[in-house]
Number of protein chains: 2
Amino acid sequence: MDCVIFGLEGDELKVLLIQHDEGPVEGQWALPGDYVRFDIDLEEMPSIVLKQLTGLENVFVELFDVLGKINRVTHQRVITAAYFALISTEKYELKKGLEARDIKWMDIHNIPKLIYDHNEIINRGYEALKLKLRREPVGVELLPRQFTLTQFQKMYETILDIKLDTRNFRKKILKEDILIDTNQKELNVPYRAPNLYTFNAEKYDTLKAKGYFLNIY
Amino acid sequence: MDCVIFGLEGDELKVLLIQHDEGPVEGQWALPGDYVRFDIDLEEMPSIVLKQLTGLENVFVELFDVLGKINRVTHQRVITAAYFALISTEKYELKKGLEARDIKWMDIHNIPKLIYDHNEIINRGYEALKLKLRREPVGVELLPRQFTLTQFQKMYETILDIKLDTRNFRKKILKEDILIDTNQKELNVPYRAPNLYTFNAEKYDTLKAKGYFLNIY
DNA sequence: GAGCATATTGTAAATTTTACATAAAGGTAT
DNA sequence: ATACCTTTATGTAAAATTTACAATATGCTC
């Protein structure tokens, strides 16, 4: 089970990678992941890895691929389920773990050579994220609980690598009514303080259940 | 590896199921599938199963889920990759195979109790198909090579369980220019003979590469 | 050639999307 | 306190798309 953990830092989309400290891949960088224990549901594995690595629970996680070429790993036949996770830069604390020498956020556009087919997994995970984000506002999972419309727009622009018209974007988002105006302003900014919003998850879930999509092109 | 094989028969979406003839699940109905052999890429398994079962090659196949609860299969821990396949009712010939007592197309809305979590797998496969079909015209894979606009529309209506306005639907499809008019008419019909079209796969692939989607609501 | 069943087509209104620029707010520097 | 700087916030008109809606055309059967 491998996990492509996405995070936003400034204007960059990052992926969390770990450097192995032992075994045949010592010193090499890789995706966080683990073998599926026989006493644990596969579906629970991502949460376990996430919790260990970041201390976070209830993280947005989704399966996007399964890779099972006979020689994708050198020493034996390994099939892996690939999940992507979206975490908010707000409040995680990285925990290196015993087998990791180092752990690092790396820019999605500047990933070093990883073990096995992990570069390919990241590419596919990124494509899966982009595909999903164009239909559903899952990117809020990458933002703090309260965020500005500018942050929200930048999130789309960063991930999808597009430019959006601010006026039209705001019109569209506010009309959909899936954001809640907190009536609070961001503090300590050296210019006009922007308004803060939270994501209206209940409203969005209701709409989604009715077949609604928030398409961004 | 399990495979939800979809086919259209008349106005019904069907799933291909097999009845086991031996082992602990003798007599019970199940999804076609197989254990992943150690000398074969997981990704090739669906094609192998499809070929054995229907004689068809180059079938549309896509991964939609992985199920790995520790007790999903009674006798041992089995993780399965679930694929769905779309086959044209035109030209397959079912081959029972040695381990199958019977093989049958069953209406998606009337599936009997299957082994393990196979009913759940079918439900998820159906949801994945609907989700995909609302964005991409993958349903052509279920039609004969040449098909009428009425067939094309009915395909959407059957799978998505919706009614579409014929005039608007045709306008939209023809404008998109992803169908090729063969200038042939269907033969042996006791009424006005409808025009036949083929799917313009090259054109569609080009559009898709540019980020185009054919949304149907 | 009358009748029947399905195929085929257009138009106007409503909605959505697009393109585009200026004013407002709040802090900083003098 | 005022001018300045940076970012936030907002409206309108044109174009494109979507929606609602029904009559005619075609080809076979009797």
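Just so we're on the same page: letters track the sequence lines, and every chain starts at 1.
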Once hydrogens and angles are ignored, does a donor-acceptor distance under 3.5 Å link the base of [N] to the side chain of [X]?
X	N	result
Lys171(B)	dT11(C)	yes
Asn195(B)	dA7(C)	no
Arg192(B)	dT6(C)	no

Whole angstroms only, please: what is the [atom1]-[atom2] distance between [X] and [N]?
X	N	atom1	atom2	result
Asp181(B)	dA7(C)	CG	P	15 Å
Tyr212(A)	dT16(C)	OH	C1'	13 Å
Tyr191(A)	dA29(C)	OH	C1'	18 Å
Asn188(B)	dT26(D)	CG	P	21 Å
Phe169(B)	dA22(D)	CZ	P	21 Å
Leu174(B)	dT9(C)	CG	P	8 Å
Tyr217(A)	dT16(C)	OH	C1'	12 Å
Gln153(A)	dA9(D)	CD	P	12 Å

Of all the nucleotides listed ([options]), which has the minimum atom distance to the side chain of [X]?
X	options	value
Pro194(A)	dC21(D), dG11(D), dT8(D)	dT8(D)
Pro190(B)	dT18(D), dT29(D), dT8(D)	dT29(D)
Arg167(B)	dT9(C), dG27(D), dG27(C)	dT9(C)

Closer to the 5' end of DNA chain D via nearest nucleotide, is it Lys172(B) or Lys185(B)?
-> Lys172(B)

Select from Asp165(A) and Ala193(A) the residue whose nearest nucleotide in DNA chain C is closer to the 5' end of that strand.
-> Asp165(A)

Can you check whether Arg170(B) has a side-chain N or O nearer than 4.0 Å to OP1 or OP2 of dT9(C)?
-> no

On a heavy-atom basis, the closest approach of Leu67(A) and Ala82(A) is CD1-CB, 4.1 Å

Using a cut-off of 6.0 Å, state whether more than 12 heavy atoms not belonging to Glu9(A) lie near its atom CD.
-> yes

With heavy atoms under 4.0 Å as the rule, sort Thr148(A) into base, sugar-phosphate or nothing.
-> nothing

Would a line drawn from the ring center of Tyr156(A) to the ring center of Phe169(A) be shorter than 6.0 Å?
-> yes

Go through the side-chain N and O atoms of Glu176(B) and Tyr204(B) and say whether any donor and acceptor fall under 3.5 Å apart.
-> no

Separation of Leu16(A) CG from Trp105(A) CH2 (nearest 0.5 Å) | 4.5 Å

